[in-house]
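Below is one structure, written out as structure tokens; comments come after it.
All of these numbers come straight from a predicted model, not from anything done at the bench. Per chain, numbering begins at 1; letters A, B, ... match sequence-line order.
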2 protein chains.
Amino acid sequence: MAVSEKEHAQKNIKTFKVIQSEVESIKRVALSVDCVIFGFDENKLKVLLIRSDSKKFKSKWSLLGDLVRPEEDLDASAYRILKQRTGLSDVYLEQVHTFGEVNRHPAGRVVTVAYCSLINIEHYRLKILDHELHWHDVENIKDLAFDHQKIFERCYSWLQKRVQEHPLGLNLLPSKFSLRELQNLYEAILNIKLDRRNFRKKFFAMDFLVDLEEEEEDVPHRPGKLYKFDYEKYEMKKKTWSGIDF
Amino acid sequence: MAVSEKEHAQKNIKTFKVIQSEVESIKRVALSVDCVIFGFDENKLKVLLIRSDSKKFKSKWSLLGDLVRPEEDLDASAYRILKQRTGLSDVYLEQVHTFGEVNRHPAGRVVTVAYCSLINIEHYRLKILDHELHWHDVENIKDLAFDHQKIFERCYSWLQKRVQEHPLGLNLLPSKFSLRELQNLYEAILNIKLDRRNFRKKFFAMDFLVDLEEEEEDVPHRPGKLYKFDYEKYEMKKKTWSGIDF
DNA sequence: AAATAATGTGTTTATTTTACACTAACTAAA
DNA sequence: TTTAGTTAGTGTAAAATAAACACATTATTT
């Protein structure tokens, strides 16, 4: 390393000390959370969006976000946003990625942390409709406000990968579901066709499905059996879990 | 949803508008980056640490971090920290997770974004030794300053998973390496024993190793062939890549 | 009663993964 | 120079896993 580089480095290392003693006087950035909320309805994977109210992105759709409050844990921010928008509080939620480009937001430096949430769309019936809050097919998501397209795409990829490692997808279904519904869900998320018999075999082999000894009703064909997911058993085996592999 | 809840929600939705127009007046948080820098030496996986200079955590070890500058992209912060500390700029670096608990830092609200970096330890010879910068065996990492233990553990788990999806590990080796070195590396990262023949078979089948027609020197036993990694070929096949699977 | 639509079920084949042992090449010590 | 020690290099058989695939059953609709 050249001498000048080394001096530069050491100067910067001094800067680092500031973090210990002078946080209060340090220049800060605005921090927000954006939630990518997935739902599943009519055999399609959906995402919840609102109209952007920024001037620059008027008429474009955007993710659900808000600033993180100074006295609020980061995860708590995400749960708060979900609660505000959907009324749901006991939901699946996970942090995905933080987006921190200087110019990502037109109003100034805002670093945003993206969270993914999976909710059962039936528990949530669009009671709050501000900003034209609506479900959109993930297939047709394009041209979102800010850098939300990028955030959305990252979360969607994350989801596709994640459902193959853990059976998260079940958070998108009602508590009682048929195997067809389950397969439709996976096909919608992964955007592929699966062999019905092998799919069943695989899920039964996992041994997380409980036969409820009930059947579907009001279907225009032979009704399928209903199952529920055994979360407890899953939590037990989770440690040694290594994926689903479709 | 109860009426009062709904009103509360709508009030909060108004708050959200602030983000668009009043970022400058919004209360902000200090944002930092912490780097978990892995190296590989003497068949052991290492991580780079410095002495904490905070009063509270005096004498404890900590990760390498600094505040994000107001005019600096988040990723750029991480590269800057690496450059300052190691002198290296062309390194593997990836964001892992953001830690945003209110009380994680004794000096105030500091949200930190953790990055993982993998460097070839031979390219970096501890030229800058401020704060007792040193390599530590990952085996013995305990009781770090702040919440750095948690951050470290998350990054280590991340690495163990990630090297099974992509051959990142090669960033830890010299550009010429033997298959034994490669296997030692994977064994150190994953902390398991691997079958030598199957390991070789698997790596050759991937078809990313180029036989350099050279041999090891100065080893007290039969020298092994040297290989390099074909990054170009890897980049080509990356899209359809689905993991290594040890 | 006939047409339609989805359920439920097993076997065979192909692919992938695992387990496993000997000879060759080189060094170091006797 | 012989011998002991260490790692390199190589293939096959068995086991486990994944993929492909068809038909009788149960319900609804017309």
Side-chain angles (χ1 to χ4, degrees), chain A residues 40 42-44 161 163-165 167 173-174 176-188 190-228 237 240-246, chain B residues 40 42-44 163-165 167 173-174 176-188 190 192-228 237 240-246:
Chain A
F40 181 64
E42 294 166 329
N43 287 343
K44 283 182 177 163
K161 189 175 156 200
V163 293
Q164 301 191 50
E165 298 167 341
L173 290 179
K176 298 177 182 188
F177 51 86
S178 68
L179 273 172
R180 175 178 36 79
E181 290 173 302
L182 187 58
Q183 182 171 347
N184 286 342
L185 171 66
Y186 274 87
E187 290 182 340
L190 300 174
N191 203 26
I192 53 174
K193 275 287 175 199
L194 297 168
D195 179 273
R196 195 161 54 92
R197 277 182 287 186
N198 292 337
F199 180 86
R200 288 166 163 262
K201 210 187 307 176
K202 196 161 294 189
F203 254 95
F204 286 134
M206 284 183 222
D207 202 28
F208 295 140
L209 297 183
V210 182
D211 186 340
L212 291 169
E213 316 266 357
E214 293 179 63
E215 290 190 334
E216 288 180 297
E217 280 172 24
D218 304 318
V219 286
H221 52 74
R222 173 176 174 181
K225 284 185 173 181
L226 292 176
Y227 298 85
K228 69 169 183 175
K237 294 199 190 173
T240 55
W241 186 253
S242 66
I244 298 176
D245 243 359
F246 292 104
Chain B
F40 181 64
E42 295 167 329
N43 287 343
K44 284 182 174 160
V163 294
Q164 301 190 51
E165 297 167 341
L173 290 179
K176 298 177 180 185
F177 51 85
S178 68
L179 273 173
R180 175 178 36 82
E181 291 173 304
L182 186 59
Q183 183 172 345
N184 286 342
L185 171 67
Y186 274 88
E187 290 183 340
L190 300 174
I192 52 173
K193 275 288 174 197
L194 297 168
D195 180 273
R196 195 159 55 92
R197 276 182 289 188
N198 292 336
F199 180 85
R200 288 166 163 261
K201 209 188 305 176
K202 197 160 290 186
F203 254 95
F204 287 133
M206 283 183 221
D207 203 27
F208 295 139
L209 296 184
V210 182
D211 185 340
L212 291 169
E213 316 266 356
E214 292 177 65
E215 292 190 335
E216 288 179 297
E217 281 170 25
D218 304 317
V219 285
H221 53 75
R222 174 173 172 180
K225 283 186 174 182
L226 292 175
Y227 297 85
K228 67 170 186 177
K237 294 197 188 171
T240 55
W241 185 253
S242 66
I244 299 175
D245 244 358
F246 292 104

Quiz item: Under 4.0 Å between a side-chain N/O of Arg200(A) and OP1 or OP2 of dG8(C), yes or no?
Solution: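 Affirmative; the distance criterion is met.
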Quiz item: Checking only heavy atoms, does the side chain of Asp245(A) share a donor-acceptor pair with the base of dA18(D) at less than 3.5 Å?
Solution: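 Under the 3.5 Å cut-off, the side chain and the base do not form any donor-acceptor pair.
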Could you state the [atom1]-[atom2] distance from [X] to [N], rounded to the nearest angstrom?
{"X": "Phe204(B)", "N": "dA8(D)", "atom1": "CZ", "atom2": "P", "result": "11 Å"}
{"X": "Arg180(B)", "N": "dA8(D)", "atom1": "CZ", "atom2": "P", "result": "5 Å"}
{"X": "Phe199(B)", "N": "dT18(C)", "atom1": "CZ", "atom2": "P", "result": "14 Å"}
{"X": "Glu181(B)", "N": "dT7(D)", "atom1": "CD", "atom2": "P", "result": "13 Å"}

Quiz prompt | Listed nucleotide nearest any side-chain atom of Arg197(B), set dG11(D), dG9(D), dA18(D) | solution =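 For Arg197(B), the side-chain atoms sit closest to dG11(D).
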Practice problem: Report the relative orientation of the aromatic rings in Phe246(A) and Phe199(A); use parallel for angles under 30°, tilted for 30 to 60°, perpendicular for over 60°. | Solution: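 Correct class here is parallel.
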Quiz item: With the sugar-phosphate defined as primed atoms, P, OP1 and OP2, and the base as all remaining atoms, what B/S/- string results for nucleotides 24-30 of chain D, 5' to 3', for protein heavy atoms under 4.0 Å?
Solution: -BBSS--
Quiz item: For DNA chain C, whose closest nucleotide is more 5', that of Lys201(A) or that of Gly224(A)?
Solution: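 With Lys201(A) and Gly224(A) compared, the 5'-side residue is Gly224(A).
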Exercise. Select from Ile244(B) and Arg196(A) the residue whose nearest nucleotide in DNA chain C is closer to the 5' end of that strand.
Key: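 Closer to the 5' end of DNA chain C: Arg196(A).
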Self-check item: pair Leu194(B)-Lys202(B): side-chain heavy atoms closer than 4.5 Å
Solution: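 Result no, sub-4.5 Å side-chain heavy-atom pair not found.
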Exercise. Mind checking Asp195(B) for me? I need base, sugar-phosphate or nothing, with any heavy atom below 4.0 Å counting as a touch.
Key: base
Exercise. Might you confirm whether atom NZ of Lys176(B) has over 12 heavy atoms from other residues, nucleotides or ligands at distances under 6.0 Å?
Key: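 Counting neighbours around NZ of Lys176(B), 12 or fewer heavy atoms of other residues, nucleotides or ligands fall under 6.0 Å, so no.
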